[in-house]
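Following: one structure in structure tokens, then a few remarks.
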Amino acid sequence: MTQNLSIYNSLTNTKELFKPLKEGYVGMYVCGPTVYSKVHLGNVRTFMSFDMIYRYFLHLGYKVRYVRNITDAGHLTDDAAEDKISTKARLEQLEPMEIVQKYTVDFHQILERFNFLPPSIEPTATGHILEQIEAIQTIINNGLAYVVNGSVYFDVLKYNEKEHYGILSKRNIEDAIENTRVLDGQSDKKNPQDFALWKRAEPEHIQRWKSPWGIGFPGWHLECTVMSTKYLGEAFDIHGGGMDLKFPHHECEIAQAVACHNTAPVKYWMHGNMLTLNGKKMAKSTGNNILPGEIFTGDNKNLSKGFSASVTRFFMMQAHYRSVLDFSNEALLAAEKGHQRLMDALNLIPKLSTSNKSTIEVNLWRDKCYQAMNDDFNTPILIAHLFDAVKFINLIHDGKEYITSEDLDLLIKTINAFVFDVLGLNNNAENSGQATTQLESVVNMFIEMRNAARADKDWALSDKIRDDLAAKGIYLKDGKEGTTFSLK
RNA sequence: GGCGUUGUGGCCGAGUGGCUAGGCUGGGCUCUGCAAAAGCUCCUACAGCGGUUCGAAUCCGCUCAACGCCUCCA
């Protein structure tokens with residue numbers, strides 16, 4: 001089962017059979033958030049894709065070390081020698097680490113709400129300044145970086161003499177040079193393509209550390225190289241991130257790693273695609289975004305109502321992680337109904353009766369689920385198969401198909417594994433054990449009263465009970481084998 | 001301007017050189033006191049124009065459109 005998993009590798013632009021560097025183990029690094037503001041739903045999508053991937057590896061029995069960093073040292077902006085975190089800090093009269101703390105907590109709370117598994121290690125850039133300085137020194141020693149006025153730059157042209165800068169993003173440095181815009185304040189660089197490894201801190205700059213080249217702060221590409229190497233080794237299996245990080249960020253990571261260790265750092269590069277809103281990429285800077293909190297409350301001009309975390313997750317899992325997904329209220333409403341249908345079927349499982357023969361091929365169905373996931377984590381196909389199971393369950397419940405207890409066990413085991421362990425969905429209706437049991441007994445009481453009324457053909461009372469319960473979010477359904485209810 | 005991706009039925013979204021995606025919506029039927037649910041069923045698409053092929057929506061070319069990266073960005 002684990003042998004035929006194939007992964008689309010952005011480095012080769014092909015699907016490749018996944019073979020871990022060390023049998024049975026997976027090392028995975030994913031670029032985490034810059035904690036200078038609230039994450040928006042687009043950010044969440046990428047992390048969710050890799051959460052699903054992490055979950056599937058675990059499900060297959062791999063020992064996974066999943067590293068996802070927190071960028072708390074800030075990134076350079078193009079027009080000032082200071083970074084986002086420091087800029088915001090001054091505006092709000094807060095310590096940089098106060099901003100970091102605030103938005104790190106926010107990030108964690110959001111992910112927890114969406115039922116994310118925590119990564120194995122969540123290192124911070126500020127916690128690895130020493131390692132970054134060491135790496136810079138190594139690159140300088142290897143002749144691939146130079147020092148100017150207290151800053152250190154990576155010498156892209158020099159690197160490109162022996163290596164290919166652009167191997168991931170499929171660019172040629174020569175083309176890049178021709179098309180580079182002339183930017184102000186880059187006179188320190190030998191070449192516009194060069195990127196900062198260490199940046200001198202201006203006097204007003206708040207985040208600053210001592211280094212052999214003076215007081216400053218690390219360049220934004222370096223932390224990922226240093227932290228991935230430290231926790232996963234000089235070469236590791238999977239590096240993930242959003243499509244928009246491919247260039248320059250990931251390209252620079254490759255160059256830095258090669259410059260340090262003379263070895264390609266990553267075997268499989270994976271890139272999740274963007275979540276768009278109104279056909280455009282979500283971005284903090286343009287205001288074209290939805291915050292996760294707004295999804296829950298519905299407090300956004302693009303939303304007619306709030307949606308649960310699990311519905312949102314289901315919506316995202318209905319698209320392949322490498323496809324652009326467009327967010328819309330209409331799509332969310334559709335996802336909500338589909339999600340409900342899936343959960344209703346799962347709730348029906350305990351009520352199924354078994355037979356001495358099966359009229360459905362559970363083994364075949366199960367294999368199809370694995371085939372879908374093994375084909376580059378194709379969750380939309382998996383979900384299509386899950387709806388086949390929904391149909392099975394409903395038909396068995398209606399007495400139109402039959403299943404043995406062995407097959408039922410397999411069905412339950414498989415569907416639970418995929419719905420809850422791999423896709424990470426929640427079944428809200430069965431969340432709180434005791435409360436649910438008590439609610440169930442009370443609702444069943446009403447159902448009995450209503451059945452008595454129906455037996456007397458007292459439709460007025462019967463309908464009143466149904467309508468009043470519906471008004472409280474409890475919906476009755478009259479099936480062949482009695483009345484059941486669902487919560488909304 | 002350079003590099004790249006995409007264009008699928010009312011909507012969202014998979015996939016494929018010839019064979020059902022799936023979800024949502026709408027129509028019909030079964031069931032039902034009614035409704036809901038469930039089941040069955042119908043509406044059967046692949047931007048446009050050429051080319052390759054026995055056969056293309058799937059491969060190639062061009063056109064149009066959209067998006068992403070080239071600057072911080074999931």
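Below, chains carry the letters A, B, ... as their sequence lines are ordered, and counting in each starts from 1.
With centres under 5.5 Å and a plane angle under 30°, the ring of A/Trp459 is stacked against the base of B/G33.
Between A/Asn394 and B/A38, a side-chain N or O to OP1/OP2 separation shorter than 4.0 Å is absent. Under 4.0 angstrom from either OP1 or OP2 of B/U25 there lies at least one side-chain N or O belonging to A/Lys337. Look at A/Arg341 and you won't find any side-chain N or O under 4.0 angstrom from OP1 or OP2 of B/G22. Listed pair A/Lys400 / B/A38 fails the phosphate criterion, with no side-chain N or O lying under 4.0 Å from OP1 or OP2. Put simply, A/Lys391 has a side-chain N or O that comes within less than 4.0 Å of OP1 or OP2 on B/C40.
Considering A/Leu382, A/Leu386, A/Thr414, A/Ile383 in turn, A/Leu386 is the only one that fulfils the side chain to side chain contact (heavy atoms under 4.5 Å, CB included) rule with A/Val419.
Taking 3.5 Å as the limit, the base of B/A38 and the side chain of A/Asp344 contain no donor-acceptor pair of atoms between them. Remark: the A/Asp244 side chain and the B/C72 base include no donor-acceptor N/O pair separated by less than 3.5 Å. The base of B/G33 sits within donor-acceptor range of the side chain of A/Ser462, with an N or O pair under 3.5 Å.
Between B/C12 and B/U53, the two P atoms lie 37 Å apart (nearest whole Å). Comparing the P positions of B/G1 and B/G27 gives a spacing of 48 Å, expressed to the nearest Å.
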Discussion item. Is there a side chain to side chain contact (heavy atoms under 4.5 Å, CB included) between A/Leu325 and A/Phe315? Walk through the geometry before answering.
Written reply: CA-CA 10 Å; A/Leu325 174 63; A/Phe315 161 71; 3.6 Å; yes

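For the pair A/Tyr402/A/Ile396, no side-chain contact is recorded, criterion being any heavy-atom separation below 4.5 Å from C-beta on.
Place A/Asn378 and A/Arg45 on RNA chain B by their nearest nucleotides, and A/Asn378 ends up nearer the 5' end.
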